[in-house]
Colleague: 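My questions will all concern the structure given below.
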Amino acid sequence: MSFFHELAHQYIDGEWLTGSGSWDIIDFNPYNGEKLAAVTVATALEVDRAYRAAERAQQEWAAINPYERRAVLERALRVTGERAEEIAEAITDELGGTRERARYEIGSATEFLREAVRQALRPTGRLLPAVGDGRENRLYRLPVGVVGVISAFNFPFLVTMKSVAPALALGNAVVVKPHQNAPVVGGGLIAKIFEDAGLPAGLLNVVITDSAEIGDAFIEHPVPKVISFTGSDRVGRHIAATAAGAFKRTVLELSGNSALVVLEDADLDHAVRAAVFSRFLHQGQVSMAANRILVDRSVAAEFTERFTAEVAALPAGDPRDPETRIGPVINAFQADALDALVERAVADGATALVRGRTVGNVVGPTVLTGLAEDSPLLHQEILGPVALLMTFDGEEEAVRIVNEGPYGLSGAVHTRDAERGVKFAQRIVSGMFHVNDSTVQDDPLVAFGGEKTSGVGRLNGEAVVEAFTTQKWMSIQHGRTVFPF
């Protein structure tokens with residue numbers, strides 16, 4: 001408990017502070033309802049202070065030898081490894097994540113931090129040909145300055161680290177606004193890691209607050225040049241419009257409605273395991289999760305029997321139990337919404353092949369089939385352990401179904417012919433698509449992002465260099481230009 005009280009504060013210019021707002025964000029354990037901490041919200045005044053501190057600190061940080069920046073990130077990597085168990089405890093308590101899911105997130109975040117160590121030395125300049133004689137063109141890649149990061153509740157340690165670590169490595173300063181359901185794992189915990197790694201004060205700041213208190217101050221503030229947001233498409237649309245009005249760049253990782261497609265020649269055992277993982281990792285509270293499981297009609301009966309048996313056997317309950325695979329959803333509002341969603345679908349004619357019970361915030365896994373083709377449920381994101389099972393007749397129909405709807409984040413196809421899978425994937429409008437694997441994939445070296453309303457911009461690898469740096473052209477005339485007047 002003291003761990004949460006220590007880190008559930010504003011972290012501004014190297015100081016742990018109490019916000020000056022008039023109300024508190026209460027941090028609850030979603031499984032047992034235990035109050036972990038109360039955080040007095042930051043006001044627009046603290047947001048301004050955080051951004052101004054970042055602006056001051058960034059200039060010196062950008063000017064130092066990149067090997068020194070790399071050394072700080074190396075220490076942060078070491079601290080993260082030493083505290084893996086402590087981080088796992090926090091993920092379980094604050095998010096209701098199972099132990100297996102906590103290890104998954106920490107492992108992924110560690111790989112991204114390791115890649116950020118390398119990114120500290122990655123930006124390079126270029127010499128380009130010039131039209132005029134005696135001229136030299138240089139193209140420099142420079143940090144943008146200050147990056148504002150707004151992170152999500154589902155994988156907050158990973159999601160926040162994916163922006164924070166490379167932004168710092170590339171010479172920027174950062175201000176983080178974690179989700180109010182994950183103020184420690186998505187904010188204070190990361191600030192503490194970098195503080196103990198020796199990051200100079202002001203380069204990483206955390207403001208715990210809500211738009212009800214600060215409005216659009218976090219986005220509209222004149223200091224940040226890039227806003228990196230992970231969350232819903234509804235909020236992302238507002239952030240995009242607000243940032244564009246202030247001529248800011250955005251990286252938006254938004255909602256998804258991914259499909260996992262099982263063709264008639266798939267390895268069904270493997271496809272079943274991939275489908276269960278893709279839908280039910282972290283209670284389905286993952287934007288890349290396979291909302292829709294599409295199966296060729298010729299193998300649908302066999303797949304359905306195996307899939308529903310696996311889902312029905314998933315243990316749901318206490319996330320601290322090492323056998324648990326389905327822990328609680330993030331809060332009671334989400335649990336009630338999922339129950340209502342399933343009840344409405346069944347009332348509209350869907351069949352529940354598996355119907356999990358809801359106990360507190362633990363929503364048991366559910367599999368629905370027989371939804372009408374025009375059901376809105378097929379075209380929305382479901383952040384919960386509810387799978388929609390559909391059949392199709394041939395690849396053409398599968399492609400049409402997958403591409404329907406507003407989202408285009410991730411997806412997967414299963415077939416014994418990998419090149420057939422590649423050709424299928426090329427026809428899908430999405431930022432990411434995987435052959436014979438899960439829909440939930442993230443890799444430090446590969447561009448991550450969506451199409452349509454699933455986002456704008458990319459993170460990871462070279463894409464993150466594009467996201468958090470800018471290019472500056474300098475020309476040098478070594479001779480004398482002949483001017484026309």
Side-chain angles (χ1 to χ4, degrees), residues 54-55 57-77 80 108-128 137-151 158-176 190 194 197 199-200 203-204 223-230 239-240 243 247-254 409 431-432 441-451 454-474:
E55 184 180 41
Q58 188 272 332
Q59 296 180 31
E60 184 176 347
W61 180 244
I64 69 171
N65 190 307
Y67 283 88
E68 294 183 42
R69 293 202 296 269
R70 186 180 70 169
V72 173
L73 288 153
E74 286 174 334
R75 291 195 295 271
L77 179 62
T80 300
S108 294
T110 299
E111 287 304 317
F112 277 93
L113 188 48
R114 184 172 287 115
E115 176 61 17
V117 170
R118 293 189 284 266
Q119 285 166 334
L121 306 181
R122 184 162 295 169
T124 56
R126 298 174 62 197
L127 295 178
L128 299 175
N137 283 326
R138 299 181 187 179
L139 195 61
Y140 289 84
R141 189 169 283 283
L142 305 172
V144 294
V146 177
V147 177
V149 176
I150 306 173
S151 66
L158 170 60
V159 166
T160 307
M161 191 69 81
K162 280 182 62 172
S163 287
V164 167
L168 292 171
L170 295 166
N172 300 287
V174 183
V175 179
V176 176
I190 292 173
F194 279 99
L199 184 72
L203 288 172
L204 176 58
V223 166
K225 299 300 183 287
V226 176
I227 301 294
S228 178
F229 169 74
T230 302
I239 289 173
F247 295 96
K248 297 179 189 292
R249 193 188 306 172
T250 54
V251 181
L252 305 174
E253 305 294 342
L254 307 179
L409 185 58
M432 304 170 286
Q441 302 284 338
D442 206 350
D443 190 305
L445 294 177
V446 185
F448 181 103
E451 296 294 330
S454 286
V456 174
R458 297 290 187 268
L459 290 176
N460 305 1
E462 293 299 325
V464 86
V465 178
E466 291 289 337
F468 298 142
T469 65
T470 189
Q471 297 184 76
K472 185 170 185 176
W473 171 36
M474 298 183 194

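If you're wondering where the values come from, they're calculated on a predicted model, not measured in any experiment.
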Colleague: Going through the distances and angles, do Leu128 and Trp473 end up as a side-chain contact (heavy atoms from CB on, under 4.5 Å)?
Modeller: CA-CA 10 Å; Leu128 299 175; Trp473 171 36; over 6 Å; no
Colleague: Using a strict cut-off of less than 4.0 Å between a Lys/Arg side-chain nitrogen and an Asp/Glu carboxylate oxygen, indicate whether Arg118 and Glu462 qualify as a salt bridge.
Modeller: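 Judged by the 4.0 Å cut-off on N to carboxylate O distance, Arg118 and Glu462 do not form a salt bridge.
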Colleague: Would you indicate whether the side-chain heavy atoms of Leu73 and Phe194 approach each other to under 4.5 Å?
Modeller: yes
Colleague: Could you give the distance from CG (Leu142) to CG (Leu170), rounded to the nearest 0.5 Å?
Modeller: 11.0 Å
Colleague: For a quick test of reading the model, state the closest non-hydrogen atom pair linking Thr230 to Val159 and the distance between them.
Modeller: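 Looking at all heavy atoms of both residues, the closest pair is OG1-CG1, 3.4 Å.
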Colleague: Between Gln58 and Pro143, is there a side-chain heavy-atom distance shorter than 4.5 Å?
Modeller: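 The answer is yes, as the side chains (C-beta and beyond) meet within the 4.5 Å cut-off.
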Colleague: Would you mind reporting whether Thr470 and Arg249 have side-chain heavy atoms less than 4.5 Å apart?
Modeller: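 In short, these two side chains touch, coming nearer than 4.5 Å.
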Colleague: Is there side-chain contact between Ile190 and Leu204, with at least one heavy-atom pair below 4.5 Å?
Modeller: yes
Colleague: Would you indicate whether Arg126, at its atom CZ, is surrounded by more than 12 heavy atoms from other residues, nucleotides or ligands within a distance under 6.0 Å?
Modeller: no
Colleague: Give me the atom names and distance for the closest heavy-atom approach of Val251 to Gly457.
Modeller: CG1-C, 4.4 Å
Colleague: For Ala54 and Ala173, which heavy atoms make the closest approach, and how far apart are they?
Modeller: O-CB, 3.4 Å
Colleague: If I take atom CZ from residue Arg69 and atom CD from residue Glu74, how far apart are they, to the nearest 0.5 angstrom?
Modeller: 13.0 Å
Colleague: Roughly how far apart are Met474 CE and Asn137 CG, rounded to 0.5 Å?
Modeller: 12.0 Å
Colleague: Using side-chain contact (heavy atoms from CB on, under 4.5 Å), reason through Val72 and Arg75 one step at a time and then give a plain yes or no.
Modeller: CA-CA 5 Å; Val72 173; Arg75 291 195 295 271; 3.4 Å; yes
Colleague: Ala62 and Gly171: which non-hydrogen atoms are nearest, and at how many Å?
Modeller: CB-O, 3.7 Å
Colleague: Do any N or O atoms from the side chain of Lys248 and from the backbone of Ile227 form a donor-acceptor pair under 3.5 angstrom?
Modeller: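 Side chain of Lys248 to backbone of Ile227: no pair is present.
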Colleague: Under the side-chain contact (heavy atoms from CB on, under 4.5 Å) rule, what do Phe448 and Asp443 come out as? Steps first, then yes or no, please.
Modeller: CA-CA 8 Å; Phe448 181 103; Asp443 190 305; over 6 Å; no
Colleague: Can you tell me if Gln471 has over 12 outside heavy atoms packed within less than 6.0 Å of its CD?
Modeller: yes
Colleague: Can you check whether Lys162 reaches Asp442 side chain to side chain, under 4.5 Å on heavy atoms?
Modeller: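 A side-chain contact under 4.5 Å exists here.
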Colleague: Might you point out which heavy atoms bring Val144 and Ala467 nearest each other, and give the distance in Å?
Modeller: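 The answer is CG1-O, 4.4 Å.
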Colleague: Any donor and acceptor pair, going by atom type alone, linking the side chain of Trp61 with main-chain N or O of Leu199 inside 3.5 Å?
Modeller: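 Checked: no pair found.
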Colleague: With side chains defined as the heavy atoms from C-beta onward, is the minimum distance between Pro444 and Arg114 less than 4.5 Å?
Modeller: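 Not touching, per the 4.5 Å side-chain cut-off.
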Colleague: Taking C-beta and beyond as the side chain, do Lys225 and Val147 meet within less than 4.5 Å on heavy atoms?
Modeller: no
Colleague: Under the side-chain contact (heavy atoms from CB on, under 4.5 Å) criterion, do Leu459 and Phe468 qualify, and how do the steps go?
Modeller: CA-CA 9 Å; Leu459 290 176; Phe468 298 142; 4.0 Å; yes
Colleague: Check step by step if salt bridge (charged side-chain N to carboxylate O under 4.0 Å, His left out) holds for Arg141 and Glu466.
Modeller: CA-CA 9 Å; Arg141 189 169 283 283; Glu466 291 289 337; 3.1 Å; yes
Colleague: If I compare all heavy atoms of Ala447 with all of Ala463, which pair ends up nearest, and what's the gap?
Modeller: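 Taking Ala447 first and Ala463 second, the nearest heavy atoms are CB-CB, 4.0 Å.
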Colleague: Could you grab the distance from atom CG of Leu77 to atom CZ of Arg70, nearest 0.5 Å is fine?
Modeller: 12.0 Å
Colleague: To the closest 0.5 Å, what do you measure between OG1 (Thr124) and CG (Leu139)?
Modeller: 9.5 Å
Colleague: Could you tell me the separation between the CG atom of Asn460 and the CZ atom of Phe112, rounded to the nearest 0.5 Å?
Modeller: 4.0 Å
